[in-house]
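Quick note on labels: first sequence line is chain A, next is B, and so on, each numbered from 1.
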Number of protein chains: 2
Amino acid sequence: MQLPKGVEWAAHCLVVLERLGESHPVPTSTLAEVYGLSPTYLNKHLQALSRHGLLISTPGSTGGFSLSRPAAEITLADVVEALDGDRTLFRCTEIRCDGLFQDRSAEIRASGACRIAAAMWQAEQAWRESLATVSINDLAGGIDALSGQNLNEFVGNKNRKAGQDI
Amino acid sequence: MQLPKGVEWAAHCLVVLERLGESHPVPTSTLAEVYGLSPTYLNKHLQALSRHGLLISTPGSTGGFSLSRPAAEITLADVVEALDGDRTLFRCTEIRCDGLFQDRSAEIRASGACRIAAAMWQAEQAWRESLATVSINDLAGGIDALSGQNLNEFVGNKNRKAGQDI
DNA sequence: GCAATCTAGACATTTTATATCCAGATTGCT
DNA sequence: AGCAATCTGGATATAAAATGTCTAGATTGC
């Protein structure tokens, strides 16, 4: 069981957008180039972030994606939720009601949620709460500190190429 | 991203073994019948639990599986680790080193682990720690309290059928 | 020796993740 | 107005993982 790679891609892209400041929207193609990712597939993930309100998408010739709110208010929990939907790590299939005790399934269900599921969900809660303490802002310092300058130059050139004055 | 169903199966089976006391080993076929599971596939998971020291397996005609230690000392974290191996929820592919900054990858790696990965792993740590607080013993009370009596009768009959005096 | 079991691995099926592609709509530029 | 670049959504294809089955070998109790 593993988180989809899209989570990693999305997190890095959000960091890039933070580092670039709020200037102009950055198109998928540029973000893909920064990290050597598949543009079309990355776009699918960015669309998901947009649908969930983490990004604002601007259509049109000089369009692209930009952060919808301050990077300090976007957390890893948001990213995971946006890309992985409302799925839980643990999925309870209530096998308590399936085999030997089939005919008492109503009674079993009435006795409350399965304790295994409850414990699993509580642990998952701890996971999400930890993710919620880390914002894109917290992440931005380290990751691309080394390459932040280059990043600005690169994207800047890209945008100028597209006919835009940054 | 979701935990394999085997985790649920294994957890329930451990609870059943706890409720039956330590009497005799219970074969895969009986455990599968209790919850209406695929015997061969369940056996694969039980083998994994055995390899990781949660269960003791007894070969032979009256063989089967039994808990390797008190149910209070087997936690959900153990179950997840046994069935899902050493995989982490989040897998870092270091895309920092892949695209624009390819030629500086050595430098980037030297600057330390990716902060995104670090945050993800810390959250995962919280998840595992929460799972480690829940033992099979804790779970046994609720889940099959309703059907514990039937469980004993059922497995008892099974074992007698197999020629065993329980 | 026979029947029941665990073990290990090969194999098939199903589901999910990954990736690509295309038609439609929006916008900026000339 | 027309063109180029973009986002949007869905269809489709490929790769990987989970799920499930099967067989041959080894162990034990009767």
Side-chain angles (χ1 to χ4, degrees), chain A residues 1-10 13 24-33 36-52 54-66 68 80 83-85 87 89-91 93 95 158-166, chain B residues 1-10 13 24-33 36-52 55-66 68 80 83-85 87 89-91 93 95 158-165:
Chain A
M1 152 258 8
Q2 251 159 352
L3 283 169
K5 238 193 287 189
V7 172
E8 184 184 18
W9 294 15
C13 285
H24 288 281
V26 181
T28 301
S29 57
T30 301
L31 288 171
E33 208 170 338
L37 307 174
S38 151
T40 54
Y41 193 33
L42 174 60
N43 178 256
K44 181 159 289 192
H45 295 312
L46 297 178
Q47 281 184 34
L49 296 182
S50 170
R51 271 194 303 273
H52 283 80
L54 308 197
L55 292 178
I56 289 176
S57 71
T58 311
S61 179
T62 57
F65 294 92
S66 46
S68 69
V80 169
L83 294 194
D84 213 56
R87 273 179 299 182
L89 290 180
F90 180 83
R91 160 187 42 173
T93 61
I95 60 175
K158 277 282 163 186
N159 278 8
R160 269 192 289 280
K161 255 188 219 159
Q164 185 172 339
D165 198 18
I166 205 165
Chain B
M1 151 254 12
Q2 251 160 350
L3 283 170
K5 239 193 284 189
V7 171
E8 184 183 19
W9 294 14
C13 285
H24 288 280
V26 181
T28 301
S29 58
T30 300
L31 287 170
E33 208 168 339
L37 307 173
S38 152
T40 54
Y41 193 33
L42 174 61
N43 178 256
K44 180 162 289 191
H45 295 311
L46 297 178
Q47 282 184 35
L49 296 182
S50 171
R51 271 194 305 273
H52 284 78
L55 291 178
I56 290 176
S57 71
T58 312
S61 181
T62 57
F65 294 91
S66 46
S68 69
V80 169
L83 295 193
D84 213 55
R87 274 178 298 182
L89 289 181
F90 179 83
R91 160 186 44 172
T93 61
I95 61 176
K158 277 282 164 187
N159 277 8
R160 269 193 289 281
K161 254 191 218 158
Q164 185 172 340
D165 199 18

Handout entry: side-chain contact (heavy atoms from CB on, under 4.5 Å) partner of B:P25, chosen from B:T62, B:T30, B:T58
Key = B:T58
Problem - Closest-nucleotide 5' rank along DNA chain C - winner of A:Y41 and A:P59 - result: A:Y41
Problem - N/O (side chain, A:T62) to phosphate O (OP1/OP2, C:dC29) under 4.0 Å - result: no
Problem - Spacing of B:L37 atom CG relative to D:dA18 atom P, expressed in whole Å - result: 18 Å
Problem - Spacing between A:F90 atom CZ and D:dA18 atom P, to the nearest angstrom - result: 16 Å
Problem - Side-chain heavy-atom pair A:N43, A:Q47 within 4.5 angstrom cut-off - result: yes
Exercise for the section: Just call it for B:T40: base, sugar-phosphate, or nothing, with non-hydrogen atoms closer than 4.0 Å on any strand. Expected result: base
Exercise for the section: State which of D:dG20, D:dA11, C:dG28 makes the closest approach to the side chain of A:S61. Expected result: C:dG28
Handout entry: Spacing between B:H24 atom NE2 and C:dA4 atom P, to the nearest angstrom
Key = 19 Å
Practice task
Using a cut-off of strictly less than 4.0 Å, decide whether B:T28 has a side-chain nitrogen or oxygen near OP1 or OP2 of C:dT5.
Solution key: no
Practice task
Could you tell me whether the phosphate oxygens of C:dT20, OP1 or OP2, come under 4.0 Å of any side-chain nitrogen or oxygen in A:S38?
Solution key: yes
Practice task
Could you tell me the separation between the CD1 atom of B:I56 and the C1' atom of C:dT5, rounded to a whole number of Å?
Solution key: 16 Å
Handout entry: Between D:dC22 (P) and B:N43 (CG): distance, integer Å
Key = 14 Å
Practice task
Please state how far atom CG in B:L31 lies from atom P in C:dT5, giving the value in whole angstrom units.
Solution key: 11 Å
Practice task
Establish, with yes or no, whether the OP1 or OP2 oxygen of C:dC6 is under 4.0 angstrom from a side-chain nitrogen or oxygen of B:S50.
Solution key: no
Practice task
Tell me which nucleotide among D:dC7, D:dA18, C:dA17 gets nearest to the side chain of A:P4.
Solution key: C:dA17
Practice task
Send over the distance from A:R51 CZ to D:dG10 C1', rounded to a whole Å.
Solution key: 11 Å
Handout entry: Nearest listed nucleotide, side chain of B:Q47, among C:dA17, C:dA8, D:dC7
Key = C:dA8
Handout entry: Residue mapping more 5' on DNA chain D - nearest nucleotide basis, B:R87 or A:G64
Key = A:G64
Problem - B:S29 side chain, from C-beta outward: closest of D:dT8, D:dT6, C:dT5 - result: C:dT5
Handout entry: base_contact_polar (D:dT8 base, A:K44 side chain, donor-acceptor, <3.5 Å)
Key = no
Practice task
Mind checking B:K5 for me? I need base, sugar-phosphate or nothing, with any heavy atom below 4.0 Å counting as a touch.
Solution key: sugar-phosphate
Problem - d(CG, B:L89; P, C:dT16) in whole Å - result: 18 Å
